[in-house]
Each structure stands twice: as C-alpha cells, then as structure tokens.
Amino acid sequence: MKSKLIFSSFLILVLTFYSCKTDKKSTSNQTVVSLEQKQEWAIVIHGGAGGITRESITPELDKEYRAGLQLAINTGKKILSEGGSALDAVEQTIRTMEDNPLFNAGKGAVFTHDGRNELDAAIMDGSNLAAGSVACVTDIKNPITAARRVMTNSPHVMLTGAGASQFAKEQGLEIVPPSYFYTERRFQELQEILKKEKNGTVGCCALDKKGNLAAGTSTGGMPDKKYNRVGDAPIIGAGTYANNNTCAVSGTGHGEYFIRWTVAHDISALMEYKGMTLREASELVVNDKLVKAGGSGGVISLDKSGNVSMPFNSTGMFRGVATADGKEGIYIYKDEGGRP
Ligand code: ASP
C-alpha cells in the first residue's frame with residue numbers, strides 16, 4: 001500500500017514536470033512556431049498590433065505591408081546567417097521599418113494631439129542586460145540607433161526629448177527637421193481621431209550564432225497622445241526586454257497596460273521562476289493577464305533555442321519570422337498560419 005502511494009506520488013511528480021517542460025498545443029488563434037531542434041540563429045519581427053482585419057486593409061496595402069515586413073526579415077536574416085550579432089540584426093531590421101512610412105515608427109510615426117510626432121525606442125542586449133532608450137524625440141531620424149548609442153556610448157539607460165536630440169547630434173546621427181515625420185496618411189488619421197486603431201509600432205528579437213539574444217522596439221506611440229506621454233516601448237521590462245537566460249521580447253499595443261503589467265519582463269520572469277516555456281509564458285501574459293486587465297496588443301518573443309512565439313489579443317498583428325533551418329513566414333491577420 002505504502003509503496004503504491006510512493007509510486008503514484010512519483011508518477012504525479014514526473015508528469016507535472018513533463019507537462020511544464022512540454023509546449024502544449026494552443027487552442028487560441030495565434031502564430032506560434034515551436035521548433036524541434038535548436039536553431040543556430042532566429043529572427044522575429046512585428047509591425048504593430050491593432051484593429052487589423054482583411055476588411056480594413058486593401059489588397060494593395062496588404063501587399064505593401066508584406067513587402068515591408070519581408071525587407072525587414074531579409075535584413076536581419078542576412079546579418080544573422082553571416083554570423084553578425086543579434087544587436088546588429090535588431091538595429092538594422094528596425095531601421096528598415098523606421099524608414100518605411102507604413103509603420104508607426106520613424107518616418108510613419110503617428111501624430112500627437114497637437115499634430116506633432118514624438119518617437120520612442122529601446123534596445124536591449126540579452127548577454128549582459130545592457131540597455132538604451134530614447135523617448136519623446138522629435139528630430140532623430142532613426143530612434144533605434146540613438147537608443148543603441150545611449151546603451152553603448154553613455155552611462156545612462158534612457159534619454160528624453162531635447163537632451164536625447166543633443167546626445168544624438170553629438171554622436172553624429174542624422175537629425176531631420178520635425179516635418180520629416182509628416183505623412184499625409186497619419187495626419188488624416190489624426191483628423192479622424194482614429195476610432196478603430198490600426199497601430200504599427202515595430203519590434204524585433206534576434207538570436208545570433210553565439211547564442212546571444214537581443215530585442216528592440218521603435219514607435220511613434222499612441223495616436224492623439226498628449227503632454228509628452230511616453231509609452232511602453234522605451235521602458236525596459238515593459239515593451240522591450242532581453243536576457244540570454246530566458247528570452248527576448250518586444251511588445252505592441254496599449255502601452256499604459258504594458259507598463260503597468262511589466263509585460264516583457266513578466267514573460268521572462270515566468271520562464272525564470274516558474275520554469276514555463278517561452279510559449280506558455282507569452283500566451284499567459286498576452287491572452288490571459290492582459291486580456292483580463294483590458295489591455296489590447298501582442299508580443300513577439302524568442303528564446304535561446306530559437307523557439308518563437310507571437311501571441312496577440314487584438315484582431316491582427318503584422319509579424320514575420322525566419323530561422324536558420326530555412327523556415328520563414330510573414331503574417332498579418334488572426335486566421336493566418338502558425339508555422340513558417
Ligand atoms: N505600445 C505603443 C505605445 O503605447 C503603441 C503601439 O504599440 O502601437 O506607445
């Protein structure tokens with residue numbers, strides 16, 4: 001009797017351990033890539049989450065978005081496959097999307113309530129937890145590069161507004177007149193006060209051949225924002241996080257919730273302290289905790305084995321993935337396939 005009891009307790013323990021370590025099949029409608037073998041390198045990107053449906057996007061715009069996502073993926077893929085660093089991949093990949101007026105970052109940034117463009121960006125190195133970010137900047141062409149310079153060339157983590165611009169100038173980065181960020185489409189969007197949000201923040205997570213993870217996010221923030229509002233993207237642990245021991249995460253969505261629920265770090269913490277897989281942790285935070293909180297959006301996440309997760313609780317999220325074994329995919333809508 002006693003030995004039977006010991007045996008069944010042992011069995012329960014083994015089963016519990018096993019179920020924690022195994023990726024369960026998702027019942028929700030997300031893009032999830034679960035890779036059997038460890039990847040030499042991997043990249044995952046997002047171009048924002050929001051009210052994105054087949055009805056709200058014309059076929060032409062659909063094509064343009066896919067081309068923009070593909071260009072971004074190709075950029076990162078080339079760097080990583082040639083042995084470049086995760087940080088370089090993240091920075092250069094995000095720059096392509098910052099220069100693309102379709103995305104709400106850099107050139108295509110949304111407008112504030114006062115008709116200005118204020119940009120936020122962050123980057124994080126998972127190998128040593130170094131991080132840099134800029135917030136509320138109005139004249140730096142590529143905020144992700146400024147964020148990286150803050151990380152590598154300053155003793156600080158976060159610079160804002162005019163001070164961040166001054167630093168970028170001192171670093172020799174390209175400064176543009178604030179009117180550079182004007183796009184007719186975004187301006188009209190503001191005029192309509194964007195009832196159905198269609199955000200396009202950009203983000204990238206990369207794993208390089210040395211096994212290092214990095215994450216970056218760049219955004220124009222929420223349309224119609226006021227008072228120099230800063231969102232989650234430049235806040236380490238909220239919209240951006242990377243740690244070689246756990247994962248790299250970039251978020252997109254209603255920033256106030258991502259800040260209060262420390263979304264990116266929460267995913268990492270669930271892996272570190274609860275032993276969850278990347279997918280379990282990402283799904284729990286985005287499709288359970290955030291949903292209960294009322295926060296819409298999604299994340300892209302990547303672990304050190306090259307497993308990728310891209311859950312979102314909005315109607316769509318621009319996203320793409322590529323891994324060393326040749327798997328690749330670009331997705332926009334909720335009903336699109338799960339594996340590249
Ligand atoms: N998370 C961004 C912010 O709140 C917006 C977005 O992702 O669309 O600033």
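In this chain, residues are counted from 1 in sequence order. When a ligand or atom number is given, it counts from 1 through the structure's own listing order.
Close approach of ligand 1 to Gly221 is summarised as follows: ligand atoms under 4.0 Å from at least one heavy atom of the residue are 9 (O). Close contacts of ligand 1 with Met222, meaning ligand atoms under 4.0 Å from a residue heavy atom, involve 4 (O), 5 (C), 9 (O). Interface atoms of ligand 1 facing Gly231, defined by a heavy-atom separation under 4.0 Å, are 9 (O). Ligand-side atoms of ligand 1 in range of Gly253: 1 (N), 2 (C), 3 (C), 4 (O), 5 (C), 6 (C), 7 (O), range being under 4.0 angstrom from any heavy atom. Each of the atoms 6 (C), 7 (O), 8 (O) of ligand 1 lies under 4.0 Å from some heavy atom of Thr252. Taking a cut-off of under 4.0 Å to the non-hydrogen atoms of Gly255, the atoms of ligand 1 that pass are 4 (O).
For ligand 1, the polar-atom distance check against Gly251 finds no nitrogen or oxygen pair separated by under 3.5 Å. The shortest N or O to N or O distance between Asn104 and ligand 1 is not under 3.5 Å. Considering both main-chain and side-chain atoms, Thr201 comes within under 3.5 Å of ligand 1 through a nitrogen or oxygen pair. For ligand 1, the polar-atom distance check against Glu256 finds no nitrogen or oxygen pair separated by under 3.5 Å.
Of the possible donor and acceptor atoms, none in the side chain of Asp125 sits under 3.5 Å from a partner among the backbone N and O of Leu129.
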Could you pull out every donor-acceptor pair under 3.5 Å between side chains of residues 71-78 and any protein atom, sequence neighbours left out?
residue: Asn74; atom: OD1; partner: Gln70; partner atom: NE2; Å: 3.0
residue: Asn74; atom: ND2; partner: Gln70; partner atom: O; Å: 3.4
residue: Thr75; atom: OG1; partner: Leu71; partner atom: O; Å: 2.7
residue: Lys77; atom: NZ; partner: Glu328; partner atom: OE1; Å: 2.7
residue: Lys78; atom: NZ; partner: Glu82; partner atom: OE2; Å: 3.2

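Side-chain contact between Glu256 and Arg229 is present, with heavy atoms from C-beta onward closer than 4.5 Å. For the pair Leu284 and Leu270, the minimum side-chain heavy-atom distance is below 4.5 Å. Using a 4.5 Å cut-off on side-chain heavy atoms (C-beta onward), Thr262 and Tyr241 make no contact.
Between Phe318 and Tyr65, the angle of the ring planes stays under 30°, which puts this pair in the parallel group of the 30/60° scheme.
In Arg229, the part holding a heavy atom less than 4.0 Å from any atom of ligand 1 is the side chain.
Applying the side chain to side chain donor-acceptor pair (under 3.5 Å) rule to pairs touching residues 129-140 yields Asp139-Ser165, sequence neighbours excluded.
Both tests hold for Lys107 against Tyr180: distance to the six-membered ring centre under 6.0 Å, angle to the ring axis within 45°.
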